[in-house]
Structure formats: structure tokens, C-alpha cells
Amino acid sequence: MSVDTTEKGVILIVDDTPTNLEMLLDFLEDSGFKVAVAEDGESAIEMAEYAPPDLILLDILMPEMDGFETCRRLKANKATQDIPVIFMTALAEKVDKVKGLNMGAVDYITKPLEHEEVLARVNIHLHLRNLTKRLTEQNKHLEQEISERKRAESLVSGQTRVLESIATGASLRMYSTV
Amino acid sequence: MDLVMTVMDGFEATRRLRMSPDLKDVVVIAISASVFDFNRQQSRDVGCDDFLSKPIREAELLEKLRLHLELEWVYEEARSVRQEQEDVNPKFKTSPVSQVRGRQNPQLMAPPAQEVAALLDLARRGDLRGIVKRANQLEELDERWIPFANHLRQLAKDFKGKQIREFLKQF
């Protein structure tokens with residue numbers, strides 16, 4: 001039995017430890033998501049640009065480019081800045097959570113990962129993301145409607161002026177012939 | 001086999017290979033930057049067949065391959081006819097073509113460009129599961145693609161996405 005996994009959303013997981021990736025990949029796929037995998041920050045950025053996922057789970061402690069820097073670059077890029085980022089961090093790691101949130105991450109989860117917790121947080125942020133997306137689309141739609149109405153109105157008022165001037169001219173001519 | 005590696009070094013890897021019934025006879029050549037003789041000796045002790053020191057010189061490598069795989073190298077000038085007969089991977093065009101005597105020497109043959117492009121697209125998306133699936137299909141289609149499929153599957157299993165992209169871009 002196969003479920004259409006793209007329907008539920010694409011999640012990009014970024015971690016430099018293969019065992020972590022394997023665990024997350026299995027678990028998220030079993031939960032019905034389509035999962036993309038990156039083993040470092042640079043690959044994650046390339047992937048997010050090439051095929052934007054619906055959400056990113058991002059490990060903070062990675063060699064070369066860490067999670068903070070990866071997040072900063074994702075948020076600085078117009079193509080990727082709206083993708084929600086959730087940081088992953090080990091309980092023992094003393095990281096500055098506020099720093100991450102200020103960078104535009106939406107949430108934190110701590111390792112070892114509690115599956116139910118991951119699922120709950122992922123679902124919340126996907127839901128929020130979908131609502132925001134729909135709102136933005138509706139806004140765009142409304143703005144378009146307004147500008148169309150304005151154009152129609154100005155067209156009507158222009159034609160009214162023309163008609164009025166014709167009417168005035170006609171009545172003047174009527175006077176002169178009488 | 002590089003001797004100095006993180007997590008599991010070459011000595012341990014070779015020791016384990018020798019314990020496996022399927023792999024105990026596979027030729028293993030140790031590679032090390034070490035100039036010390038004890039590395040050479042130790043690599044023999046764990047079951048390596050030979051030793052190469054880094055930086056690797058091509059002539060030396062080819063000679064060891066000839067020796068252990070019982071090959072006969074046929075060089076550029078003498079292979080005009082053979083070249084047409086064999087669909088040789090472009091990557092290996094400048095290298096001598098091996099004529100296998102005895103042991104089977106798997107040659108890495110790539111599927112058509114269209115197929116490689118589809119795989120590269122999956123790799124750029126980070127879709128490792130998709131790559132494994134496609135690799136499985138490929139080897140069913142043509143057994144000459146088995147080494148290619150095996151290589152991809154192994155990299156995907158180890159989450160080496162970057163290496164997969166680099167590997168595919170060669171073709």
C-alpha cells in the first residue's frame with residue numbers, strides 16, 4: 001500500500017551523523033512525509049533552492065557550516081526565507097536558543113528525539129505554514145480584485161464625463177436651432 | 001584500503017573482511033602515507049595482500065593490479081579494434097583497458113545520459129530513497145549496470161549525498 005507522500009509535505013533533514021539521519025528518515029517516512037536528506041549545511045542550502053521543502057529540521061552542531069550559519073543563509077535568500085526551520089540540539093549541548101529564534105527559526109527540538117514530540121511540532125508548523133501561505137494567496141487575490149475594480153471605476157467615470165459633455169453639447173445645439 | 005580512517009581503520013576493516021566467507025578471498029591492497037615498516041608488516045598480519053605508499057604512483061598501482069588480478073594491460077596504440085567492441089566508460093578512456101584473465105574485474109558502466117540526469121535530479125532533491133529505488137530498477141534492466149547501481153546504493157546507504165552528486169556529474 002502506498003500513500004502519496006508529497007501530499008503531506010516534504011521535510012528536509014540536515015545532520016552530519018548518518019545514524020541520526022537514518023532514524024529520522026525512517027520515522028518521518030513511516031509517518032507519511034516525503035523526506036529529503038542533506039549531510040551538511042551547504043548541501044542543505046543547495047537543495048532548498050533547487051526544490052524548496054515545506055519544512056527543514058536542522059542540526060546545530062555540524063563541522064564546517066553549523067546550523068546557525070546555515071539558517072542565516074536560508075533566511076537571507078528570497079527563494080528559501082519562508083521555509084520554516086526547526087533546530088535540533090542535544091540536551092547536553094549548551095546552545096543559545098534565543099539566538100536561533102532571532103535568526104528566524106520557528107522552534108527547537110532536543111535530542112534524543114521523542115518521536116511523538118517531533119511529529120507534534122512538525123505538524124503544528126506545517127499547519128501554520130499552510131495557513132500563512134493561504135492567507136498570502138488570498139491577500140494577493142484581494143489586492144488584484146481591488147485594483148481591477150478601481151480600473152473599472154475610472155473607466156466608468158471617464159465614460160460618464162464623455163457622455164455628459166455630449167449631452168451638454170446636444171442641448172446647446174437644440175437651443176440654437178429653436 | 002586506506003589504513004588511517006576514522007571510526008573503523010583499515011586494519012580492522014581488513015580483519016573483518018577476512019572473517020567473512022564471501023569476502024575472505026578478495027584482494028586487499030593497503031594504502032598508507034606512513035613510511036614506517038611496521039604499518040606494512042601489520043597490514044600483512046591482518047590479511048592485506050600488498051601495500052602501496054602514498055602518494056600513489058600510477059605505474060606502481062597498475063603493476064600491483066596486474067600482479068594480483070592476473071591482468072594484462074593493453075595500451076592505447078594496440079586497442080583500436082577493441083575500443084569499438086567494448087562500450088568503455090569515458091572516464092576510463094585514458095587508462096589502459098584491462099583484459100581479464102582469471103578473476104572477474106567489474107567495469108563501471110553507466111546507463112544512458114537521460115537516466116543519469118534523472119538520478120542527478122533525485123540527488124539534488126536529497127531523495128536518497130528514490131536513488132536506491134532507481135538503482136534497483138536499473139540493474140534489473142541490464143546486468144552490466146550492476147556495478148554502477150551497487151556504487152550508488154552504497155553511497156546512498158551511507159548518506160553520502162555530495163559524493164553521489166559528484167559521481168553522477170562525471171558522466
Side-chain angles (χ1 to χ4, degrees), chain A residues 1-59 62-65 70 74 79-80 83 85 88, chain B residues 1-2 4-10 12-14 16-17 20 23 33 113-141 148-171:
Chain A
M1 204 175 71
S2 75
V3 193
D4 184 10
T5 47
T6 46
E7 191 95 343
K8 212 168 172 195
V10 180
I11 300 179
L12 171 61
I13 54 178
V14 192
D15 201 310
D16 60 310
T17 318
T19 46
N20 290 348
L21 288 173
E22 196 161 5
M23 195 270 289
L24 261 175
L25 176 60
D26 287 343
F27 158 62
L28 288 171
E29 271 193 347
D30 287 346
S31 307
F33 295 102
K34 172 119 185 118
V35 184
V37 180
E39 76 268 37
D40 58 61
E42 220 178 302
S43 304
I45 292 168
E46 280 172 26
M47 265 170 215
E49 273 181 27
Y50 184 76
D54 296 297
L55 188 139
I56 300 174
L57 286 174
L58 182 58
D59 185 31
M62 295 188 290
E64 286 171 47
M65 194 192 296
T70 308
L74 286 168
T80 54
I83 306 166
V85 173
M88 298 185 286
Chain B
M1 172 85 68
D2 193 11
V4 184
M5 295 187 287
T6 51
V7 188
M8 190 194 293
D9 65 17
E12 180 57 24
T14 308
R16 294 205 194 174
L17 284 177
S20 154
L23 300 166
Q114 202 184 339
E115 197 58 49
V116 174
L119 282 162
L120 188 57
D121 176 66
L122 290 172
R124 289 203 164 117
R125 291 170 187 278
D127 188 356
L128 297 181
R129 286 274 202 265
I131 287 174
V132 171
K133 228 182 192 170
R134 216 156 174 120
N136 292 342
Q137 288 167 353
L138 274 177
E139 67 182 10
E140 301 247 314
L141 287 171
F148 179 88
N150 273 340
H151 188 62
L152 273 183
R153 230 182 344 240
Q154 188 56 47
L155 288 176
K157 231 179 107 194
D158 296 339
F159 296 100
K160 306 259 194 236
K162 206 184 241 173
Q163 279 183 41
I164 291 177
R165 295 194 295 276
E166 275 160 19
F167 171 69
L168 290 171
K169 278 181 200 161
Q170 299 171 70
F171 300 106

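Below, read A as the first sequence line, B as the second, and so on, with proteins coming before strands; counting in each chain starts at 1. Atoms considered below: every heavy atom in the structure, side chains included; atoms not considered: hydrogens, waters and symmetry mates.
Atoms CG and CG, on B:Leu128 and A:Leu21 in that order, are 8.5 Å from each other to the nearest 0.5 Å. Interatomic distance, A:Glu42 CD to B:Lys162 NZ, rounded to the nearest 0.5 Å: 5.0 Å.
With a 4.5 Å cut-off on non-hydrogen atoms, A:Glu22 touches chain B through its backbone and its side chain both.
A heavy-atom distance below 4.5 Å is found between the side chains of A:Lys34 and B:Asp127.
Among the candidates A:Ala38, A:Ala51, A:Ala44, A:Ser43, the residue making the largest number of heavy-atom pairs closer than 4.5 Å to chain B is A:Ser43.
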Q: Under the side chain to side chain contact (heavy atoms under 4.5 Å, CB included) rule, what do A:Tyr50 and B:Asp121 come out as? Steps first, then yes or no, please.
A: CA-CA 9 Å; A:Tyr50 184 76; B:Asp121 176 66; 2.4 Å; yes

(Q) Go through it in stages, so that I can follow the logic: the residues are A:Asp15 and B:Phe159, the test is side chain to side chain contact (heavy atoms under 4.5 Å, CB included), and I'd like the CA-CA distance, side-chain angles, deciding distance and then a yes or no. (A) CA-CA 10 Å; A:Asp15 201 310; B:Phe159 296 100; over 6 Å; no

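Scanning all heavy atoms of the two residues, the minimum distance from B:Gly161 to A:Glu39 falls at N-OE2, 3.0 Å. Between A:Met47 and B:Arg124 the shortest heavy-atom distance is CG-O, 2.9 Å.
A salt bridge between A:Glu29 and B:Arg129 is present, with a side-chain N of the basic residue lying under 4.0 Å from a carboxylate O of the acidic one.
The number of heavy-atom neighbours closer than 6.0 Å to CD of B:Glu139, taken from other residues, nucleotides and ligands shown, is above 12.
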